[in-house]
Colleague: 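Below: one structure in structure tokens.
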Protein chains: 2
Amino acid sequence: MPDMTPLTFRILLALADANRHGYGIIKEIEQRDGPEAAPSTGAMYLALQRMEADGLIEEAPSPSTADDARRRYYALTPAGRSEAEAESARLAALVAVARAKKLLVARKA
Amino acid sequence: MPDMTPLTFRILLALADANRHGYGIIKEIEQRDGPEAAPSTGAMYLALQRMEADGLIEEAPSPSTADDARRRYYALTPAGRSEAEAESARLAALVAVARAKKLLVARKA
DNA sequence: GATAGATATATAAGTCGCTTATATAGTGGT
DNA sequence: ACCACTATATAAGCGACTTATATATCTATC
């Protein structure tokens, strides 16, 4: 199995510190990386379905009783966290190569 | 335009410090990341064609007169280098988030 | 100088994930 | 009431990758 898609990793990353719902993940990416980087709703909900089927995430209870009933929250499974860690390490290694080849000027990560 | 594909970035990365030919890039990735991470020949040559059409790379002369005549060498264009730098920065930012969310234990990059 | 295995490039068929578009409906502010 | 925003979902189409196949050269060994 080669590496996961960039969107899959971004979703795992978003869920790493808190359970979130699809639309909330989109908004989080939008705030952090700008509106251009935000995935479409179509991509997001298809990705969530696929990731749940793959056992990377699972549905979680709403964090508040007064929450919007439409929201479907997701949490990382142990497998999902493990995959996220593995991909993080792979990306970190890639960034290290980029730095060695002078593609990154300042040490930012 | 969203982000480039992982394969595209790996190719740009491979060409960042030297001109290389398709098969050589595959072997370089295989040595650095293991046999599982190596792209298929089908993916490689299609990617090279696409990237040349997109102006990210261009064909370069053989580095040696005694070289294998079948090899087609490629070099980064200025646009290709610029894109590689931009994607490197994006990935570095992503790795920084992964580190902040405790997905990376040791500082490796 | 024949054979074998690695090297090297290329393309077709099929799969899969993302884009674009559309649909539906609840929520919150004025 | 109205309207924009929030929220999820699915279908059609496209593009990138996988798998498989084809072809040919190079290098080592016998």
Colleague: Apply side chain to side chain contact (heavy atoms under 4.5 Å, CB included) to Glu85(B) and list each qualifying residue two or more places apart in sequence or on a separate chain.
Modeller: Leu103(A), Arg81(B)

Colleague: Roughly how far apart are Arg20(B) CZ and Asp17(B) CG, rounded to 0.5 Å?
Modeller: 5.0 Å

Colleague: Tell me every residue that passes side chain to side chain contact (heavy atoms under 4.5 Å, CB included) with Ala89(B), counting only those two or more places apart in sequence or in another chain.
Modeller: Leu104(A)

Colleague: Whole angstroms only, please: what is the CE-P distance between Met4(B) and dA16(D)?
Modeller: 13 Å

Colleague: Going by number, which of residues 16-35 of chain A have a non-hydrogen atom under 4.0 Å from DNA chain D?
Modeller: His21(A), Gly22(A), Tyr23(A), Lys27(A)

Colleague: Given that Ala43(A) and Ala43(B) both sit by DNA chain C, which one's nearest nucleotide is further toward the 5' end?
Modeller: Ala43(B)

Colleague: Going by modelled atom types, is there a donor-acceptor pair between the base of dA7(D) and the side chain of Thr41(A) at under 3.5 Å?
Modeller: no

Colleague: For Ser40(B) and Asp54(B), take the nucleotide of DNA chain D holding the closest heavy atom to each; which residue's nucleotide lies nearer the 5' end?
Modeller: Asp54(B)

Colleague: Quick one: salt bridge (Lys or Arg N to Asp or Glu O under 4.0 Å) pairs with a partner in residues 50-61 of chain A, sequence neighbours left out?
Modeller: Glu59(A)-Arg72(A)

Colleague: Quick one, Ile11(B) and Met51(B) - any side-chain contact, counting heavy atoms below 4.5 Å?
Modeller: yes

Colleague: Mind checking ring pair (Phe, Tyr, Trp, His ring centres under 6.0 Å) for Phe9(A) and listing every partner two or more places apart, or none if nothing turns up?
Modeller: none

Colleague: Kindly write out the residues that satisfy side chain to side chain donor-acceptor pair (under 3.5 Å) with Tyr73(B), not counting sequence neighbours, or none if the list is empty.
Modeller: Asp67(B), Arg71(B)

Colleague: Are Leu76(B) and Leu56(B) close enough that some pair of their side-chain heavy atoms sits under 4.5 Å apart?
Modeller: no

Colleague: Search all heavy atoms of Leu15(A) against all heavy atoms of Ile57(A) and return the closest pair with its distance.
Modeller: CD1-CG2, 3.6 Å

Colleague: Can you figure out which of dT6(D), dA9(D), dC18(C) approaches the side chain of Gln49(A) most closely?
Modeller: dA9(D)

Colleague: Could you state the atom-to-atom distance from OH of Tyr45(A) to P of dA7(D) in whole Å?
Modeller: 8 Å

Colleague: Listed in order of residue number, which residues of residues 5-14 of chain B have a non-hydrogen atom at under 4.0 Å from DNA chain D?
Modeller: Thr5(B), Leu7(B)

Colleague: Collect all protein-nucleotide pairs involving nucleotides 24-28 of chain C in which both atoms are nitrogen or oxygen and the distance is under 3.5 Å.
Modeller:
unit_1: dG26(C); atom_1: N3; unit_2: Arg70(A); atom_2: NH1; d: 3.0

Colleague: Going by the rule side chain to side chain contact (heavy atoms under 4.5 Å, CB included), which residues pair with Glu30(A) if we only count those two or more places apart in sequence or in a different chain?
Modeller: Ile26(A), Lys27(A), Pro35(A), Ala38(A)

Colleague: Roughly, in whole Å, what's the span from CE in Met44(A) to C1' in dA21(C)?
Modeller: 18 Å

Colleague: What pairs with Lys102(A) under side chain to side chain contact (heavy atoms under 4.5 Å, CB included), at least two apart in sequence or on another chain?
Modeller: none

Colleague: Measure from CD on Glu36(A) to P on dC18(C) and round the result to the nearest Å.
Modeller: 19 Å

Colleague: Please name all residues satisfying side chain to side chain donor-acceptor pair (under 3.5 Å) with Thr41(A), sequence neighbours left out, ordered by chain then number.
Modeller: none

Colleague: Between the side chain of Ser88(A) and the main-chain N/O of Ala84(A), is any donor-acceptor distance below 3.5 Å?
Modeller: yes

Colleague: Taking five pairs at each end, how big is the angle between the two axes of the helix from dG1(C)-dC30(D) to dT30(C)-dA1(D), to 10°?
Modeller: 30°

Colleague: Leu48(B) CG to dT11(C) P: how many Å, rounded?
Modeller: 12 Å

Colleague: Starting at CG of Leu46(B) and ending at C1' of dT11(C), how long is that distance when rounded to a whole Å?
Modeller: 8 Å

Colleague: So which one's nearest nucleotide on DNA chain D is more toward 5', Arg50(B) or Arg72(A)?
Modeller: Arg72(A)

Colleague: If only atom types and distance count, is the side chain of Arg10(A) paired as donor or acceptor with the main-chain N or O of Ile29(A) below 3.5 Å?
Modeller: no

